[in-house]
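First the proteins, then the strands, lettered A, B, ... as listed; each starts at 1.
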Amino acid sequence: MNKNTDNTRESLAKPSGNGESPSNFIKNIIIDDFRTNKYGGRIHTRFPPEPNGYLHIGHAKAICLDFGMAEEFGGKCNLRFDDTNPMKEDVEYIESIKEDIHWLGFDWEDREYYASDYFEQLYDYAIQLIKDGKAYVCDLTPDQMREYRGTLTQPGIDSPFRSRTVEENLDLFERMRAGEFEEGSRVLRAKIDMRAGNINMRDPVIYRIIKASHHRTGDKWCIYPMYDYTHCLSDSIERITHSLCSLEFEDHRPLYDWFLDQLGVFHPQQIEFARLNLTYTLMSKRKLRLLVEEGYVDGWDDPRLLTLSGLRRRGYTPEAIREFCDRIGVAKANSVVDISLLEHCLREDLNKRASRAMAVLNPLKVVIDNYPADKEEHVEAVNNPEDESMGTRMLPFSNIIYIERDDFREDPPRKYFRLAPGREVRLKHAYYITCDKFLKDESTGEIIELHCHYDPESRGGWTKDARKIQGTLHWVSAKHAVDAEIRLFDHLFTKPDPNDLEEGQTFKDLINTQSSTALKKCKIEPGLVDMIQPVQFLRHGYFIADAKLSKPEKPVFNRSVPLRDTWAKIEKSLDK
RNA sequence: UGGGGCGUCGGCAAGCGGUAAGCCACUGGUUUUUGGCACCAGCAUACGUAGGUUCGAAUCCUACCGCCCCAGCCA
């Protein structure tokens, strides 16, 4: 069977099951459009960000959908910047947006467009509307316009300027462009219906005067088209077939249809879907910017932020994010996805790829009394038990090592099978040790150091008698260890829904002040040369060297996500 | 009280008239030189509610209830 010649109908009729993305209502529409040959077998989408902020995980959902659908059905996806408001936009954002999309693994090839590229065409369309008596220049102030607009339940009232002649409108609009009028003094409005139930249809503004220079068109224009007008026509100009957007634009669709129909131009199909929400975080661009600008976080790429640059710095992989976007699905119901699904996708990806290493975050000194002080040897350690091809490495061992403070208890609770007085444990890849005594600062209760003896017959971590050792600890040799800083992160907000506020609260009151912890006295195994790659610190989690702070002489690691911790659960249930 | 949407397991979400997929979370268990991973098992007699049509309804009809969005010269 030749799969390639057969894939128009049969395989398209099967939404899922080919190892491709799961079924969703948009995909079903597209399949149906192919079946009815709605656009001549063509699919063309676009991702249309406004360059006024950094992309976040919610945008990733849209990107995966826009680029993903095009890719899956053999079409194209444009990148188009919706840059119609020079007051809010900046080239800084354009660069970051392009970087993030590429990082996710999508490519718009040579189709990098800007709504501002269409300003001249858009102006001509406006002239056409005026000539057809479908648009007029209005001198109402913003306040007056609000009054005339009516309310949700009361119809609006016609503007006194609504009946200007075509000639007068043409003259005024041309003079608006020429810069004759003050900013905000006049607008061009569509002449639709001030009594419409849909407020978007009550003679919406389509052009306003803004005397600001634009990041691409400079000072060429002092009138700028509004988003509603620009967006649908830009889609039309680019011959977009499926214009995917979020739910709040659903009641703008009749307005888009109106513009398109009045002008008699190509008519894309808009389909709306629900935005992504995640527990313990915020997605609003406005609030994200506030967190950045007021210094609650360390820039747009703060590892606690779910911006794509933040996730990247945190150690998230594009693969994990795309897998996540596949699994959350696409629908019209507002919903909040559990952040643990995102974390799961990262663990799943990194488990296969990250090399293993040992790091002690809170070191406790252990002296192995029967191991010669002048001796050192190397033990072999596998780099990834999930992938033999990743090989092994040699780890130095000596009589003084560090283990995790939490791996020793003076009075071990039930089911605790780590180190305690008289207990034997395995040092991963090395030897069995038994705790003989411990030194304690009686005033603070702090354990100073442990004294143990090792079993020389247990080299490599096993013995001939095959005795059962339940606990396996990670460790580093004191004299070989490298000092490092390790940063741990937690949710940025204390409540699953940071928008769920009590009387007098703002979302800032819900910021988790414990969301970032820097451990500065960590000990990591030597030879972690390839610090660009994600690493699993055994029994801790997945980490990545911080792209900004880490130096070869002073490594800084970010914890991307902790490992599942069954013991923590057991211990918690023991408390009750 | 106008207009536009949405309601399927704790959280996402398939399903499109033939008798409730999957994933996350959670709970047991097996395995284990990571209390990780993997594996096995459990987890909606039920689809907002109430009626109706039908041999048969989450899917069709009617009414009701609940939630979300819209009154920027923002996008």
Opposite nucleotide pairing with G10(B), Watson-Crick or G-U, both atom distances under 3.5 Å: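 Its partner is C24(B) (Watson-Crick or G-U wobble, both distances under 3.5 Å).
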
Nucleotide forming a Watson-Crick or wobble pair with C73(B), both distances under 3.5 Å: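 Result: none.
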
Glycosidic class, syn or anti, of G52(B) using a 90° window around 0: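 G52(B): anti.
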
Phosphate contact ([N] OP1 or OP2) by [X] side-chain N/O below 4.0 Å:
X	N	value
K569(A)	C26(B)	yes
R149(A)	C73(B)	yes
T566(A)	G36(B)	yes
R564(A)	C37(B)	yes
S23(A)	G15(B)	yes
T84(A)	A75(B)	yes
N200(A)	C69(B)	no
S335(A)	A13(B)	yes
R208(A)	C74(B)	yes

Side-chain heavy atoms of I57(A) within contact of M283(A), under 4.5 Å: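 Yes, at least one pair of side-chain atoms sits under 4.5 Å.
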
Out of [options], whichever nucleotide has its closest atom nearest the side chain of [X]:
X	options	answer
E386(A)	G36(B), C6(B), A75(B)	G36(B)
F249(A)	U34(B), A75(B), C69(B)	A75(B)
L152(A)	G4(B), A71(B), G35(B)	A71(B)
N85(A)	C74(B), C73(B), G10(B)	C74(B)
F417(A)	A75(B), G35(B), G36(B)	G35(B)
I199(A)	A14(B), G2(B), A75(B)	G2(B)
K332(A)	C6(B), A75(B), C16(B)	C6(B)

Same-atom distance ([atom1]) from [N] to [M], integer angstrom:
N	M	atom1	value
G48(B)	C12(B)	P	14 Å
U53(B)	A58(B)	P	16 Å
A57(B)	G51(B)	C1'	14 Å
C26(B)	C68(B)	C1'	29 Å
U49(B)	C65(B)	P	15 Å

Inspect the surroundings of [atom1] in [X] and state if more than 12 heavy atoms from other residues, nucleotides or ligands are less than 6.0 Å away.
X	atom1	result
K415(A)	NZ	no
E457(A)	CD	no
R409(A)	CZ	yes

For the side chain of [X] and the base of [N], is some donor closer than 3.5 Å to an acceptor across the two?
X	N	result
R146(A)	G72(B)	no
Q536(A)	U34(B)	yes
E272(A)	G4(B)	no

R46(A) side chain to S243(A) side chain, donor-acceptor N/O pair below 3.5 angstrom: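 Yes, side-chain donor-acceptor contact under 3.5 Å.
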
Donor + acceptor pair across side chains of E238(A), N78(A) (<3.5 Å):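 Note: E238(A) and N78(A) side chains meet the donor-acceptor criterion.
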
Atom pair distance, as rounded to whole Å: CD in E323(A) and C1' in C23(B):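 That distance rounds to 10 Å.
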
Between G72(B) (P) and E147(A) (CD): distance, integer Å: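 Between P of G72(B) and CD of E147(A): 12 Å.
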
